[in-house]
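Data block below; observations after.
Computed from a predicted structure; not experimentally measured.
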Amino acid sequence: MSQPKIYISPGGFAALKEEYRQLLHIQRPQVTREVSEAAAQGDRSENAEYIYGKRRLAEIDRRLRFLGKRLEAFEVIDAALTQDKTRIFFGATVLAENLETGETHSFELLGPDEADAKLGRISIGSPVGRALLSKGVGDVLRVVIPKGELELCILSIHYPSKPG
């Protein structure tokens, strides 16, 4: 049974592939050497370097398994290739006004692995992300969020430029 596709930007995909490569080819071999050296010191039951190293190795292996499966499930979407730039889709950066407070907010709609609310990056699966999808400039939407209800008016939609 195949996993459902998870959207990710080309930059996000490259970053996770690089993390996988670093873990597999740099960190794991280094920690393995450290564990071997600690094991050679004798009694492992009270050897903090050995115990910590084994724990770190297990964490690295767990992350490698997770990333390996995750990288296979991704569908890389280049938002610069979006045809209809008048509507909000994956990869769009949206400027919206909170109609209650008058504040403006910028949201970049990305996949769950790239979401970072502090940077204005929200998942397309989040309540706000789902509500924004397919909307256009001037559209007003209501979103139920954990803190209550949010009423937004879409002010602008931008997509990354095509390279070259």
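Note: the hydrophobic cluster containing V143 does not contain L95 (ILVMFWY, side chain heavy atoms under 4.5 Å, direct or indirect links). Using a 4.5 Å cut-off between side-chain heavy atoms of Ile, Leu, Val, Met, Phe, Trp and Tyr, with links allowed through other members, F74 and L109 fall into different hydrophobic clusters. A chain of hydrophobic side-chain contacts below 4.5 Å, direct or via other Ile, Leu, Val, Met, Phe, Trp or Tyr residues, connects L57 to L67. Connection of I88 to I8 is not established within any shared hydrophobic cluster, with ILVMFWY side chains joined at heavy-atom distances below 4.5 Å, either directly or through further cluster members.
Pairing each heavy atom of G129 with each of I122, the nearest pair is N-CD1, 3.8 Å. Closest of all the heavy-atom pairs between I157 and A92 is CG2-CB, 4.1 Å. What you find for G111 and S123 is that their closest heavy atoms are C-OG, 4.2 Å. Considering all non-hydrogen atoms of both residues, G136 and I154 come closest at O-CB, 3.4 Å. Counting all heavy atoms, side chain and backbone alike, V144 lies closest to P127 at O-CB, 3.7 Å.
Without hydrogens or angle criteria, Y159 side chain to F89 main chain gives a donor-acceptor distance under 3.5 Å. Of the possible donor and acceptor atoms, none in the side chain of Q27 sits under 3.5 Å from a partner among the backbone N and O of I60. Between the side chain of K85 and the backbone N or O of A80 there is at least one donor-acceptor pair closer than 3.5 Å.
Listed by first and then second residue, the salt bridge (charged side-chain N to carboxylate O under 4.0 Å, His left out) pairs that reach into residues 20-31 are E18-R21, R28-D61, sequence neighbours excluded. Among residues at least two apart or in separate chains, salt bridge (charged side-chain N to carboxylate O under 4.0 Å, His left out) pairs with a member in residues 119-129 are E108-R121.
Grouped by direct or indirect side-chain proximity (heavy atoms under 4.5 Å, Ile/Leu/Val/Met/Phe/Trp/Tyr only), Y52 sits alone.
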Legend entry - Verdict with reasoning, L110 to D116, per side chain to side chain contact (heavy atoms under 4.5 Å, CB included): CA-CA 9 Å; L110 297 169; D116 186 340; over 6 Å; no
Legend entry - Verdict with supporting geometry, I77 and T82, side chain to side chain contact (heavy atoms under 4.5 Å, CB included): CA-CA 9 Å; I77 304 290; T82 299; 5.7 Å; no
Legend entry - From CA spacing to verdict: side chain to side chain contact (heavy atoms under 4.5 Å, CB included), F90, L133: CA-CA 8 Å; F90 181 89; L133 285 175; 5.9 Å; no
Inset, instruction - Could you check E59 against R56 for salt bridge (charged side-chain N to carboxylate O under 4.0 Å, His left out), going step by step and ending with a plain yes or no? - result: CA-CA 5 Å; E59 291 169 1; R56 179 70 183 123; 3.5 Å; yes
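Side-chain contact between D139 and R87 is present, with heavy atoms from C-beta onward closer than 4.5 Å. Side-chain contact between T93 and F107 is absent, with no heavy atoms from C-beta onward closer than 4.5 Å.
Taken from CG in L152 to NZ in K135, the straight-line distance is 11.0 Å, to the nearest 0.5 Å.
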